[in-house]
S.K.: 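One structure, pasted below without further comment.
In listed order, ligands and their atoms are each counted from 1. Only this structure's heavy atoms are used, side chains among them; waters, hydrogens and symmetry mates stay out.
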Amino acid sequence: MQSSLTPRLVVLTGAGISAESGIATFRDPQNGFWQHFRPEDVATPEGFAAHPDTVYEFYNIRRAQLADVKPNAAHIALAKLQQAMGDKLLIVTQNVDDLHERAGASVLHMHGELKRALCQHCGESFVWESDFTAADACERCHKSGGLRPDVVWFGEMPYQMMKIDIALYNCERFVAIGTSGAVYPAAGFVESARANGASTLEINLEPSDVSALFDGHRLGPASEQVPLWVDETLASL
Ligand code: BJW
């Protein structure tokens, strides 16, 4: 049964929602990050330990790029839906950019945020909007040598999984937007939602790796499909 504390609708977003804003996805065969960098080098704790300078640079460049991009119609439509639904909608993003927030939405960043640093000495996470390296000091414990991007790498536990799981097992509807279904646990969210009878919808340029698990599909660019779906959803509230 739907509790008053749990959202009716859970939306998961991935790199595809920010692609039309000019941020590369990971697995695009032409421009994806993984065409230029090996994930084991830049997105694992072992890669960071082996060559930290490469990893700082990878994230410094991507953080700086946020100044040159802006939210697109899909981010804006989701923010409009959240305004109407309030806490009956939970938006979970795998993205580390800040485009949902800049469109006016409040979202759960399960893979962390580019604009936050995490101190490995004291565990503090704090906003850090500019470049940083090992030479920079933590703003809480003041030690240097411990700052890392506050993002979730392979082999690490994504953030707020308990809150996400509770929402998934209790929601009435689950919608995945612009995500390949190649990375777990996010790729398994559709099964969690289905387990308790939620209806499921995938919005993507093309079928994802887990497309067959969804009840409904809308194929096309997020900037077109998401506003259409949001308008239909608003009309049915
Ligand atoms: C459009 C569009 C447009 C384009 N409009 N659409 C074997 C089996 C199963 C699991 C594992 C396994 N071996 C290891 C694992 C676990 C591992 C994993 O899944 N590995 C896979 C490679 C198999 N996962 C982990 O390690 C995770 N942690 C974990 O599992 O902890 C244990 C645990 C236990 C129990 C419960 C919970 C946890 C951590 C994963 C961390 C991922 N980190 C990254 C980097 C984050 C920082 C950064 O940004 O640099 O997260 S990797 C990268 O992939 C990033 C993304 O968030 C993530 C997903 O990518 P996404 O968003 O789907 O992008 P793409 O590029 O893949 O797809 C884009 C999609 O958009 C495509 O479908 C396009 O068609 C579409 N698109 N333009 C609409 N205009």
Side-chain angles (χ1 to χ4, degrees), residues 11-48 54-63 65-66 71-75 77-78 92-100 107-116 118 148-166 168 175-192 201-211 214 217-229:
V11 172
L12 170 71
T13 68
I17 197 168
S18 297
E20 292 165 82
S21 292
I23 299 180
T25 67
F26 294 91
R27 295 170 182 83
D28 181 88
Q30 267 87 48
N31 303 316
F33 286 121
W34 298 161
Q35 294 297 321
H36 308 288
F37 300 89
R38 291 181 348 135
E40 51 271 44
D41 288 341
V42 295
T44 63
E46 295 79 13
F48 181 54
T54 306
V55 178
Y56 285 121
E57 190 184 7
F58 179 65
Y59 287 98
N60 284 340
I61 290 170
R62 289 173 59 197
R63 191 179 309 107
Q65 191 203 5
L66 295 182
N72 64 52
H75 299 101
L78 282 184
V92 178
T93 189
Q94 297 168 87
N95 299 343
V96 295
D97 66 52
D98 59 355
L99 295 182
H100 283 299
V107 305
L108 192 162
H109 283 273
M110 65 177 288
H111 289 166
E113 297 175 61
L114 274 175
K115 289 187 174 176
R116 294 187 78 86
L118 175 66
R148 58 164 277 183
D150 191 1
V151 300
V152 177
W153 288 322
F154 288 109
E156 298 181 322
M157 182 66 82
Y159 288 125
Q160 300 203 51
M161 281 310 301
M162 191 177 292
K163 179 173 179 178
I164 296 170
D165 280 339
I166 290 170
L168 289 168
V175 180
I177 302 171
T179 179
S180 61
V183 176
Y184 287 83
F189 287 0
V190 59
E191 288 174 289
S192 304
L201 170 69
E202 176 170 87
I203 302 179
N204 202 309
L205 268 188
E206 56 190 37
S208 74
D209 292 1
V210 291
S211 234
F214 286 83
H217 304 86
R218 298 184 79 131
L219 288 185
S223 68
E224 291 174 14
Q225 291 300 323
V226 176
L228 287 173
W229 168 72

S.K.: Can you work out which protein residues put a heavy atom within less than 4.0 Å of ligand 1?
M.R.: G14, A15, G16, A19, E20, T25, F26, R27, W34, Y59, R62, Q94, V96, H111, V151, V152, W153, F154, G155, E156, M157, P158, G178, T179, S180, A182, V183, Y184, P185, N204, L205, E206, G220, P221, A222
S.K.: Without hydrogens or angle criteria, can the side chains of H100 and S18 be said to hold a donor-acceptor pair below 3.5 Å?
M.R.: no
S.K.: For residues T93 and N95, report the shortest heavy-atom separation together with the two atoms involved.
M.R.: OG1-N, 3.0 Å
S.K.: Using modelled atom types and a 3.5 Å cut-off, is there a donor and acceptor pairing between side-chain atoms of H217 and backbone atoms of P207?
M.R.: no
S.K.: What's the separation between atom CG in L114 and atom CZ in R62, rounded to the nearest 0.5 Å?
M.R.: 5.5 Å
S.K.: Let me confirm one number: the CG-CH2 distance from D41 to W34, rounded to the nearest 0.5 Å.
M.R.: 9.5 Å
S.K.: When the side chains of residues 177-184 are checked against the rest of the protein, which donor-acceptor pairs come out under 3.5 Å, sequence neighbours left out?
M.R.:
| unit_1 | atom_1 | unit_2 | atom_2 | d |
| --- | --- | --- | --- | --- |
| T179 | OG1 | Q94 | NE2 | 2.8 |
| S180 | OG | A182 | N | 3.3 |

